[in-house]
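Protein chains get the first letters and strands the later ones, always in sequence-line order, with residue 1 at the start of each.
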Number of protein chains: 2
Amino acid sequence: MKRGGTISNQELLAWPIFAISAGVLSLQHLLEDGRKSIAALFMPGDIIDMRGLTGRNRGQLIALSKITLCRLSPAAFEATVEDNPEAQRIAWNNLRGQTYRAMDHAADLAKKQAVEKLASFLFECTNRKLDQGPRDQVHIPIRRIDLADYLGMQPETVSRCFKYLEDRKIIAFQGISNLNILDIPTLRRIANGDKQTENLRNTNDNTFKAIANT
Amino acid sequence: MKRGGTISNQELLAWPIFAISAGVLSLQHLLEDGRKSIAALFMPGDIIDMRGLTGRNRGQLIALSKITLCRLSPAAFEATVEDNPEAQRIAWNNLRGQTYRAMDHAADLAKKQAVEKLASFLFECTNRKLDQGPRDQVHIPIRRIDLADYLGMQPETVSRCFKYLEDRKIIAFQGISNLNILDIPTLRRIANGDKQTENLRNTNDNTFKAIANT
DNA sequence: CGACGTGTTGAAGTCCCTCAAGCCTGGTGG
DNA sequence: CCACCAGGCTTGAGGGACTTCAACACGTCG
């Protein structure tokens with residue numbers, strides 16, 4: 001499936017359960033006036049069970065990159081889960097992971113500023129990647145526009161916040177979708193909403209003002 | 001358990017799984033500088049499985065009202081779920097409901113304005129209440145402060161938005177925690193972010209200005 | 001090459017937050 | 001029974017962070 005492709009409701013009725021093999025899939029909500037928001041990101045290994053949810057106002061499943069997915073028939077899924085405790089445990093834990101990730105994400109959106117949300121997202125990326133590579137290298141698997149919709153901000157703000165972190169030598173870009181975290185502790189503090197860090201970051205400006213006032 | 005009571009990490013290690021019988025439980029995240037946000041609300045019937053999540057930075061479980069809950073031992077839970085397909089289905093569907101509710105909530109927080117978020121919350125209340133009473137009567141089971149933390153706004157803004165809806169005869173309060181929805185279609189449009197509604201609502205002001213200008 | 005979509009800057013506006021004060025309600029004790 | 005108190009809710013003015021709008025770079029694909 002190509003980027004931008006959607007899974008239609010008819011397909012969902014026929015195959016409401018599937019798993020992601022590769023790529024990034026999104027659950028998008030569209031408001032009346034065109035505002036778009038991405039409610040969740042599904043990545044390889046995630047199991048999606050939309051039984052009984054197709055008709056509702058739950059939004060659409062849209063691919064954010066080229067994806068491959070593995071369809072499961074509800075009957076086969078139920079049978080597997082009932083017979084195989086191991087499979088059941090995997091499915092349960094995956095769904096549980098999705099739940100708490102969505103709740104964490106909601107908390108991030110609720111009371112965090114733009115830079116803080118971006119910092120949290122970078123950690124979410126490092127936590128979710130399957131291959132256990134170096135923890136300071138991050139690959140951003142989606143476009144800036146989609147990232148903005150996921151974090152509840154504008155593409156412009158995303159750009160400005162990345163620049164903000166880059167200027168302060170906290171991250172360094174390698175191309176458009178890869179970056180290194182140069183200062184993990186500071187980024188962590190920002191993600192946790194530590195205003196102390198904010199003060200540190202503003203030190204230069206403050207001394208500037210202080211000098212100007214003398 | 002009284003309002004304000006928390007479930008400690010030690011208790012969670014001993015009893016990581018439980019179900020809510022009555023009351024409202026919240027999952028709260030606390031930022032370094034004191035900002036608080038409520039990541040999720042758990043209501044009667046919800047099953048909470050925190051296995052393996054206690055140590056992490058997942059926040060705390062805090063009661064928002066007097067609650068009673070039913071502890072389950074992991075072993076017993078697993079055994080029940082493996083033996084009884086019906087129980088398994090109930091647990092799975094409950095967790096699935098929590099997941100999609102959290103995702104919807106995240107989408108609401110991402111790209112909605114204050115009044116729109118409040119309207120969505122009112123519908124979430126009507127959808128979640130167990131007794132199938134009249135659909136236009138809503139009981140708000142939590143305080144304004146907690147509602148603000150859940151919706152990512154300030155208590156003041158919550159108050160202002162309620163007044164806004166009340167002034168326009170869209171809702172009518174019966175006491176502090178009960179209200180009637182007088183105009184369900186309009187409230188629905190607001191919840192869906194329809195700017196047309198916004199224009200309708202502003203009509204009076206506009207004519208006012210127009211007259212004032214002539 | 002030119003067109004398109006995406007990402008980045010810059011200035012003006014708006015919604016919400018912050019702070020401060022007043023009001024109301026429910027619980028407590030005399 | 002009523003005064004009192006404390007916590008929560010409401011209201012008002014001022015400031016800040018993000019959005020909006022517009023224009024410009026950049027890479028890709030036809």
Which residues pass the salt bridge (charged side-chain N to carboxylate O under 4.0 Å, His left out) test with A:Arg143, not counting sequence neighbours? A:Asp146
Shorter than 3.5 Å, N or O on both sides, protein versus nucleotides 3-5 of chain C: list them out with atom names.
none

All N/O pairs under 3.5 Å across the protein-nucleotides 12-15 of chain C interface:
none

By the side-chain hydrogen bond (donor to acceptor under 3.5 Å, both in side chains) test, which pairs, at least two apart or in different chains, include something from residues 117-129 of chain A? A:Asp46-A:Arg128, A:Lys112-A:Ser120, A:Glu124-A:Arg128, A:Glu124-A:Tyr150
What is the distance, to the nearest angstrom, from the CE atom on B:Met153 to the P atom on D:dC18? 18 Å
Residues two or more places apart in sequence or in another chain: which of them pass salt bridge (charged side-chain N to carboxylate O under 4.0 Å, His left out) with A:Arg35? A:Asp33, B:Glu116
Would you please name every residue forming a ring-ring contact (aromatic ring centres under 6.0 Å, His included) with B:Tyr100, sequence neighbours left out? none
Which sits closer to the 5' end of DNA chain C, A:Arg144 or A:Lys111, going by the nucleotide each is nearest to? A:Arg144
Assess whether side chain to side chain donor-acceptor pair (under 3.5 Å) is satisfied between A:Ser8 and A:Gln10, documenting all intermediate values. CA-CA 5 Å; A:Ser8 70; A:Gln10 290 154 9; 4.6 Å; no
Whole-Å gap separating P (D:dA17) and NZ (A:Lys117): 14 Å
Between A:Arg96 and A:Asn93, does any side-chain donor sit less than 3.5 Å from a side-chain acceptor? yes
Which residues pass the salt bridge (charged side-chain N to carboxylate O under 4.0 Å, His left out) test with B:Arg144, sequence neighbours left out? none
Report the distance from atom CZ of A:Phe162 to atom C1' of C:dG7, rounded to the nearest whole Å. 12 Å
N/O-N/O pairs, protein side and nucleotides 20-24 of chain D side, under 3.5 Å:
unit_1	atom_1	unit_2	atom_2	d
D:dT20	OP2	A:Gln154	OE1	3.4
D:dT20	OP2	A:Gln154	NE2	3.2
D:dT20	O4	A:Arg160	NH2	3.2
D:dC21	N4	A:Glu156	OE2	3.1

Trace of the salt bridge (charged side-chain N to carboxylate O under 4.0 Å, His left out) decision for A:Asp149 with B:Lys111: CA-CA 8 Å; A:Asp149 288 335; B:Lys111 280 273 172 70; 2.6 Å; yes
Please determine if A:Arg168 forms a cation-pi arrangement with A:Tyr164, meaning its NZ or CZ atom is less than 6.0 Å from the six-membered ring centre and no more than 45° off the ring axis. yes
Atom pair distance, as rounded to whole Å: CD1 in A:Ile145 and C1' in C:dT8: 12 Å
To the nearest 0.5 Å, atom CG of B:Leu27 lies from atom CD1 of B:Ile48 at 8.5 Å
Scan B:Gly152 against the nucleic acid and name what it touches under 4.0 Å (heavy atoms): base, sugar-phosphate only, or nothing. sugar-phosphate
For B:Phe42, the ring-ring contact (aromatic ring centres under 6.0 Å, His included) test, sequence neighbours excluded, returns none
Sequence neighbours excluded, the answer for ring-ring contact (aromatic ring centres under 6.0 Å, His included) partners of B:Phe123 is none
What bend angle does the helix from C:dC1-D:dG30 to C:dG30-D:dC1 show across its length, from five-pair end axes and to the nearest 10 degrees? 40°
Please enumerate all residues that pass salt bridge (charged side-chain N to carboxylate O under 4.0 Å, His left out) together with A:Arg101, with sequence neighbours excluded. none
